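Being a predicted model, the structure only gives us computed values, none of them experimental. Chain naming here is simple, since letters A, B, ... match the order of the sequence lines and numbering starts at 1 in each.
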2 protein chains.
Amino acid sequence: MQDPLSSLPGYLLRRASSSLIAELNQRLAGIDVNHTDASLLILIDANPGLTQSDAARMLGIQRANMVGLVARVEGRGLLVRERVDGRSQALLLSTDGKAVLARVLAVIHAFEASLLERVPADLRPHVVPILRHLWGEGRENAGGSSFA
Amino acid sequence: MQDPLSSLPGYLLRRASSSLIAELNQRLAGIDVNHTDASLLILIDANPGLTQSDAARMLGIQRANMVGLVARVEGRGLLVRERVDGRSQALLLSTDGKAVLARVLAVIHAFEASLLERVPADLRPHVVPILRHLWGEGRENAGGSSFA
DNA sequence: TACAGATTGCTATGATCAATAGCATTTGCT
DNA sequence: AGCAAATGCTATTGATCATAGCAATCTGTA
């Protein structure tokens with residue numbers, strides 16, 4: 001059976017992404033958190049007090065879809081909202097949130113390590129640079145701050 | 001603003017994938033076909049007469065979800081079903097399907113080329129091998145992801 | 001041949017995720 | 001004061017994905 005698709009980078013990228021997201025969600029299931037929740041926790045931890053809109057922009061999530069995400073994570077007691085404006089609200093990790101984050105980071109770091117181990121050692125240093133270049137789009141005019 | 005996520009291969013993979021799928025769908029919009037339809041056309045062309053279940057397996061799509069996909073593409077007159085069994089049916093490209101496939105291939109090849117151009121020339125040969133390793137090993141557990 | 005088990009295509013259903021339009025309130029700027 | 005933009009939100013839609021179950025059919029084996 002011919003597989004003409006597995007030579008296409010775009011197709012490979014899609015299949016790899018969906019299968020790895022599923023795997024990561026399985027690994028996170030024990031903490032009762034999915035990969036989106038996890039990314040939000042990590043982002044808030046690195047930028048305490050950032051706005052809900054800021055988080056949406058950085059995560060590539062529409063403001064509309066951010067509402068449910070924040071509400072769910074807040075409902076688990078992992079984050080706290082504080083009004084800083086009449087319209088904006090700052091997001092902060094709760095004590096529980098910080099504890100869960102520690103477990104999330106352990107899972108994610110193990111996951112990322114296992115990802116890299118699937119790539120031959122000589123190609124391993126190129127994984128992140130290649131993915132950054134492939135993503136690239138939509139971040140070119142993303143303004144001045146960090147790309148680190 | 002710190003971005004602690006963009007150093008994580010898994011996160012980069014997800015973002016790159018979703019942004020590139022969106023771009024490919026835009027490029028295909030003129031042909032009135034999406035990336036899933038396109039992959040089905042390519043697969044049938046390379047394996048004329050393959051079974052609907054075979055196609056589902058190769059594309060990583062559940063049999064249940066294949067029904068709507070095949071029905072939609074058949075509804076556009078791009079493929080034909082032929083019973084080979086009392087239960088199986090062979091999928092074949094129609095004349096229109098072959099014509100559309102030619103346009104699809106042109107779009108996809110242009111897209112894949114533009115993908116690779118985003119990667120520095122010295123890293124370019126490593127793109128497909130890396131993606132294959134990232135995907136391949138992820139499938140060791142025989143596919144499905146199930147939450148608890 | 002007869003039967004158990006697997007396969008195929010299908011329906012129905014639910015969960016997740018993303019995208020759009022529109023809204024009230026608030027802020028910033030002129 | 002007045003106006004444009006931003007913020008959080010509701011509501012809705014569509015696409016994707018996974019599960020359970022079903023009738024019909026095929027396959028392998030006793």
- Message: Could you tell me how far apart A/Arg15 (CZ) and D/dT16 (P) are, to the nearest whole angstrom?
- Response: 14 Å
- Is B/Arg72 touching bases, backbone alone, or none of the nucleic acid, heavy atoms closer than 4.0 Å? nothing
- Under 4.0 angstrom, heavy atoms only, what part of the nucleic acid is B/Asp85 near: base, sugar-phosphate, or nothing? sugar-phosphate
- To the nearest Å, give me how far apart CD1 (A/Ile61) and C1' (C/dT20) are. 16 Å
- Message: With the threshold set at under 4.0 Å for non-hydrogen atoms, list the residues of residues 46-57 of chain A touching DNA chain D in residue-number order.
- Response: A/Thr51, A/Gln52, A/Ser53, A/Arg57
- Item | Separation of C/dA18 C1' from A/Met66 CE (nearest whole Å) | 14 Å
- Given A/Arg57 and A/Arg63, is the side chain to side chain contact (heavy atoms under 4.5 Å, CB included) satisfied, shown in steps? CA-CA 8 Å; A/Arg57 266 186 297 269; A/Arg63 287 204 316 283; 5.8 Å; no
- Query: Starting at CZ of A/Arg87 and ending at C1' of D/dA5, how long is that distance when rounded to a whole Å?
  - Reply: 7 Å
- To the nearest 0.5 Å, tell me how far B/Ile108 CD1 sits from B/Leu28 CG. 5.5 Å
- Please state how far atom CG in A/Leu79 lies from atom P in D/dG8, giving the value in whole angstrom units. 13 Å
- Task: Check the distance between D/dA15's P and B/Leu24's CG and give it to me in whole angstrom.
- Result: 16 Å
- Message: I need the CZ-C1' distance between A/Arg14 and D/dC17, as an integer number of Å.
- Response: 11 Å
- Task: Determine, for B/Asp32 against B/Arg76, whether the closest basic-nitrogen to carboxylate-oxygen distance falls under 4.0 angstrom.
- Result: yes
- Task: Using heavy atoms to find the nearest nucleotide of DNA chain C for A/Val84 and A/Gln62 separately, return the residue whose nucleotide is more 5′.
- Result: A/Gln62
- Think A/Arg63 has a side-chain N or O under 4.0 angstrom from the OP1 or OP2 of D/dT10? no
- Side chain of A/Ala64: nearest nucleotide among D/dT16, D/dT10, C/dC10? D/dT10
- Any donor and acceptor pair, going by atom type alone, linking the side chain of B/Glu112 with main-chain N or O of A/Gly10 inside 3.5 Å? yes
- Using 4.0 Å as the upper bound for N to carboxylate O, is an ion pair formed by A/Glu23 and A/Arg118? yes
- With a non-hydrogen cut-off below 4.0 angstrom, is B/Ala22 in contact with a base, only sugar-phosphate, or nothing? nothing
- Task: Compare side-chain N and O positions of A/Asn34 against OP1 and OP2 of C/dC17 and report whether any pair is under 4.0 Å apart.
- Result: yes
- Roughly how far apart are A/Ile130 CD1 and B/Leu131 CG, rounded to 0.5 Å? 7.5 Å
- Query: From D/dA6, D/dT10, C/dA18, pick the nucleotide closest to the side chain of A/Val67?
  - Reply: D/dT10
- Task: Compare every heavy atom of A/Ala55 with every heavy atom of A/Met66, then report the nearest pair and how far apart it is.
- Result: CE-CB, 3.5 Å
- Measure from CG on A/Asn65 to P on C/dT16 and round the result to the nearest Å. 14 Å
- Is the shortest side-chain N/O distance from A/Arg81 to OP1 or OP2 of D/dC9 below 4.0 Å? yes
